[in-house]
Protein chains: 2
Amino acid sequence: MSRKEETKNNLLDAFWELYKEKPMAKITVKEITDKAGYNRGTFYTYFIDINEALEILKASLMPDKEMIINPFMELKKNDGTIIEPIEGTNDYLKKNGEKIAVLLGPKGDPGFVHELKARLREIIISYAKDLEIKEVEDFEYVIEYHVAGLISLYQLWLEKGQNIDEESLGHVYEETAYKGALSVINRMLNDIR
Amino acid sequence: MSRKEETKNNLLDAFWELYKEKPMAKITVKEITDKAGYNRGTFYTYFIDINEALEILKASLMPDKEMIINPFMELKKNDGTIIEPIEGTNDYLKKNGEKIAVLLGPKGDPGFVHELKARLREIIISYAKDLEIKEVEDFEYVIEYHVAGLISLYQLWLEKGQNIDEESLGHVYEETAYKGALSVINRMLNDIR
DNA sequence: TAGTATTGTACAACACGTTGTTGGATTAGT
DNA sequence: ACTAATCCAACAACGTGTTGTACAATACTA
């Protein structure tokens with residue numbers, strides 16, 4: 001790794017340490033460079049402003065389609081076949097899960113959430129492409145509901161330090177997505193009679 | 001309305017006009033007071049800083065429970081009775097829908113979304129209170145999925161200028177929440193065979 | 001007219017982004 | 001191979017704009 005790359009990474013790391021704790025508006029260039037051990041001016045040789053630093057971080061965190069969706073995704077195609085979710089660990093999530101949780105969380109970045117939703121929507125719609133759907137508007141709303149729920153499920157899972165194993169989460173997801181959240185809630189309530 | 005209230009409202013309105021167009025960080029006190037037609041110092045007699053102005057706005061927009069949830073909510077209780085959704089127009093949403101859409105949107109405020117989710121979760125859990133649920137963790141995930149989906153559904157609806165009527169949206173919501181998003185998607189795909 | 005709201009002005013503190021400088025490394029010319 | 005020119009990371013210092021505060025002067029309004 002060249003010296004230049006190293007410096008840039010150090011600055012990004014320092015920025016992230018601060019971003020975890022406080023909102024963008026409260027972070028100053030001076031804080032970043034102090035933490036990373038550089039002169040304040042050095043920051044500007046690598047980034048236009050603080051916002052660009054965040055953009056670079058977000059870009060590096062935006063996962064490939066499979067990375068986020070596979071642990072949860074299971075979708076019946078028209079012909080009845082099922083896209084199985086990929087089992088086992090996912091290096092990407094293990095590496096960046098913490099950062100993603102922050103960006104999706106209450107102090108996070110709404111733009112990031114928006115982009116993530118767009119990606120997931122893209123995948124789901126790709127299963128329906130080449131088909132003409134009558135209820136186009138309704139279809140979009142169903143997808144939006146599902147994608148948002150999926151992301152939030154994942155975010156809560158990370159927020160809670162992955163308090164249940166991936167398989168259990170997958171099961172909850174599957175039941176909810178196929179039977180409906182309110183039906184599942186009803187079942188859970190009735191189970192305790 | 002007293003002069004004081006009027007001034008405060010004028011300042012908040014001016015702030016909102018700017019907030020619609022640019023992120024918090026780019027808004028200055030001078031811009032606000034210029035737009036509202038006051039001296040810059042006047043701002044500080046009403047607000048500690050710009051952030052407090054946003055907080056006040058968010059607080060004024062945070063709806064009572066019924067306001068957001070009733071247009072969509074329908075939940076079977078254990079005894080079989082159903083909480084019917086309130087029909088018809090909702091003054092609050094008609095008044096503030098635009099602002100809410102901005103806060104929920106891609107340039108919005110993640111804290112607001114977080115708070116909104118908390119409120120909705122609160123309601124749903126209130127239906128289950130006094131009951132002991134075995135799968136506590138799973139239950140929470142199902143609720144999270146549902147609440148997030150509900151909010152996103154609503155936000156998309158506002159973003160699209162309420163392109164379908166409230167009744168249709170309620171129907172989509174109902175089917176999805178009771179039958180499951182993926183089941184509904186499958187139905188829509190199979191319908192066109 | 002009395003009391004309150006708003007203005008105008010000034011100020012220190014702070015963060016910003018630019019500029020010009022230093023010194024070590026790299027390259028080019030002979 | 002040796003010298004000179006150039007590049008580049010890092011730095012220090014400066015001017016600018018914004019913030020938050022204070023207080024006396026002025027305008028509004030009840």
Q | 4.5 Å side-chain heavy-atom contact, A:I164 and B:D138 | A | yes
Q.
Classify A:G37 by what it touches in the nucleic acid, base, sugar-phosphate, or nothing, heavy-atom distance under 4.0 Å.
A. nothing
Can you see if the side chain of [X] gets near the phosphate of [N] - specifically, an N or O under 4.0 Å from OP1 or OP2?
{"X": "A:N39", "N": "D:dA10", "answer": "no"}
{"X": "A:T42", "N": "D:dC11", "answer": "yes"}
{"X": "A:Y46", "N": "D:dA10", "answer": "yes"}
{"X": "A:Y44", "N": "C:dT19", "answer": "no"}
{"X": "A:T7", "N": "D:dA9", "answer": "no"}
{"X": "A:K30", "N": "C:dA15", "answer": "no"}

**Q.** Residue among B:Y141, B:F139, B:Y173 satisfying ring pair (Phe, Tyr, Trp, His ring centres under 6.0 Å) with B:H146
**A.** B:Y173
Q.
Under 3.5 Å, is there a donor on one side chain and an acceptor on the other for B:Y46 and B:N10?
A. no
Q: Taking atom types as modelled, find out whether B:S168 and B:D165 have a side-chain donor-acceptor pair closer than 3.5 angstrom.
A: yes
**Q.** A:Y145/B:Y154 aromatic ring centres below 6.0 Å
**A.** no
**Q.** Out of D:dC11, C:dC16, C:dT6, whichever nucleotide has its closest atom nearest the side chain of B:R3
**A.** C:dT6
**Q.** From D:dT19, C:dA5, D:dA10, nucleotide with atom closest to B:T28 side chain
**A.** D:dT19
Round to the nearest Å and state the distance from [X] atom [atom1] to [N] atom [atom2].
{"X": "B:E5", "N": "C:dT6", "atom1": "CD", "atom2": "C1'", "result": "17 Å"}
{"X": "B:R40", "N": "D:dT18", "atom1": "CZ", "atom2": "P", "result": "9 Å"}
{"X": "A:F47", "N": "D:dA10", "atom1": "CZ", "atom2": "P", "result": "12 Å"}
{"X": "B:I27", "N": "D:dT18", "atom1": "CD1", "atom2": "P", "result": "14 Å"}
{"X": "B:E52", "N": "D:dT21", "atom1": "CD", "atom2": "C1'", "result": "16 Å"}
{"X": "A:D49", "N": "C:dT18", "atom1": "CG", "atom2": "C1'", "result": "14 Å"}
{"X": "A:K4", "N": "D:dC7", "atom1": "NZ", "atom2": "P", "result": "14 Å"}
{"X": "B:E6", "N": "C:dT4", "atom1": "CD", "atom2": "C1'", "result": "15 Å"}

